[in-house]
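For ligands, and for the atoms within them, numbers begin at 1 and follow the listed sequence. Computation of the quantities below employed the complete heavy-atom set of this structure, encompassing side-chain atoms and omitting hydrogens, waters and symmetry-equivalent molecules.
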Amino acid sequence: MLTQSQRVFGLTRRTAFNFVRHVSKYPPTIDLDGKLYKTDEWTNVPPQILSLTERQLHQDPNHPIGILRDLIEKNFRGLGYTFYNNFRPTVTTFQNFDVLGFPQDHPGRSKLDTYYLNKEHLLRTHTSAHEHECFQECETPGYFITADVYRRDEIDRTHYPAFHQMEGARLWSKNTKDLEKQLENDIAAIPPTEIIVEDPFRDAPFNVENPKQTYMSDNEVRLISTHLKKTLEYLVNLVFEEAKKSAIKAGSTEEYLNEPLKVRWVEAYFPWTSPSWEIEVWWKGEWLECCGCGLVQQQVLLNSGLPEDRLGWAFGIGLDRIAMLLFGIPDIRLFWSRDERFGKQFLEGQISTFQPFSKYPGVRRDVSYWVNGDNALHTNDLMEIVRAHGGDLIESVVLKDEFEHPKTGKKSQCYSIHYQSMERTLTNAEINKIHSNVEGDLVNTFQVEIR
Ligand code: DAH
């Protein structure tokens, strides 16, 4: 390990190297959406991730993500919500974390998990980053925000560093004449479903571990959480009933397609809601985590300049995995494909099942190395390097083997990289080149010793 003074004064080869790496890897400024961001020691967003911010797939009415957004919005029209779809992806650490009450040491703030333009600006990691401004400006009781969000992550069939979320929120005022009656009426106005619900918390929505906020009465908590849960059951029902229909249309005869839809509520924790829950859907024999939610912390509302009488709920749902089910899409990378054979299959307002075009053969290559004891290499760093050189040709990266040499104590890792194109057959020569660039970058940046 380096001592503190070695770190500060840059006496080691590694520190000197990191300095060189920063200077050579990122330009002095990043130009995004007409603004210039000065890069610094926090900058870690690579150009190919920045280029994804231009795509705005949720705004394309003929793209599966856009079609799903539309399906949900269409069914919520007339129920008191404003729909926001144009927020740009760069936000401040204040918007993404501070205003929502994230503790300073929350792992979400780490450079390992989040793409920073610089110390103060990042690519939003969730749509909750816009709650603050929507609470400030929204003129209807509720709102929905749909947007692209970014997280450094592992690479596989269902994980991509960019994905989409939809955020919803709804507020009431304690000054409403007979608020409880109003809440009951609002609950009654939510379209009913036949969904089977397991909810041990419906009548006892809070406890010591998942506390209510003291400014709300017990009955307000019960009614607002019922409104939240019924709203989400309605949303989940409409989406998953469509998913069932599309699977049946595509010829599937699986048992679960004839059963009524089943969901369950589990307790959760989010810094900006209390109490909090997650809804899970029973799908193909397993519980699928679907959406986090809760009653908004009063501090978040006060931070947004709202008066003390406001109370309400918020939720956030991931769209990509649901769109994969709805449209029968086997690999999340396909959403970003510019191949016409993908794009031409989807039309505004229609849930259709993806017809796979020929799957091109993949190539597997392992990378094995001794880790440099002084220079920790996090899985997400490795993923980033693989992605930087292989882009969308990377289907998955899997840790195959890890051990410590019994005598030297040196640590060895072996990752298996699966290269595969959605669009063509890859040649050995091009894979060799990419693979050796990955190895070279690992050596240069993390001083690993290739085995
Ligand atoms: N932002 C959360 C996430 O990315 C999802 C979420 C949970 C949003 C609870 C909410 C909420 O508004 O109340 O995992």
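Interface of E131 with ligand 1, defined as ligand atoms under 4.0 Å from a residue heavy atom, comprises 12 (O). Against a heavy-atom cut-off of under 4.0 Å, T273 is close to the following atoms of ligand 1: 13 (O). Each of the atoms 13 (O) of ligand 1 lies under 4.0 Å from some heavy atom of G294.
With no hydrogens or angles considered, a side-chain donor-acceptor pair links Q95 and E133 at under 3.5 Å. D401 and Q413 form no side-chain donor-acceptor contact under 3.5 Å, judged by distance and modelled atom types alone. Looking only at atom types and distance, the side chain of T43 has no donor-acceptor partner in the side chain of N118 under 3.5 Å away.
For ligand 1, none of its N or O atoms has an N or O atom of T125 under 3.5 Å away. On a distance-only criterion, Q165 and ligand 1 share at least one N/O pair closer than 3.5 Å.
Among protein heavy atoms, atom 11 (C) of ligand 1 sits closest to W272 NE1, 3.5 Å. For atom 12 (O) of ligand 1, the closest non-hydrogen atom on the protein side is E167 OE2, 2.5 Å. Of the protein's heavy atoms, A314 O, 3.0 Å lies nearest to atom 13 (O) of ligand 1. At the top of the distance list for atom 8 (C) of ligand 1, counting protein heavy atoms only, stands G316 N, 3.3 Å.
Look at R69 and E73 and you find a salt bridge, because one of the NZ, NE, NH1 or NH2 atoms lies within 4.0 Å of a carboxylate O, short of that distance. Salt bridge R109/D98: present, at least one basic N to carboxylate O contact under 4.0 Å.
Between the choices R151, H126, E278, the shortest heavy-atom distance to atom 14 (O) of ligand 1 belongs to R151.
The cationic group of R333 does not satisfy the cation-pi geometry with Y160, failing either the under 6.0 Å distance to the six-membered ring centre or the 45° limit from the ring axis.
Aromatic pair H106/F97: ring centres not closer than 6.0 Å. Annotation: F76 is in aromatic contact with Y234 [ring centroid separation under 6.0 Å].
At a heavy-atom distance under 4.0 Å, no atom of W313 approaches ligand 1.
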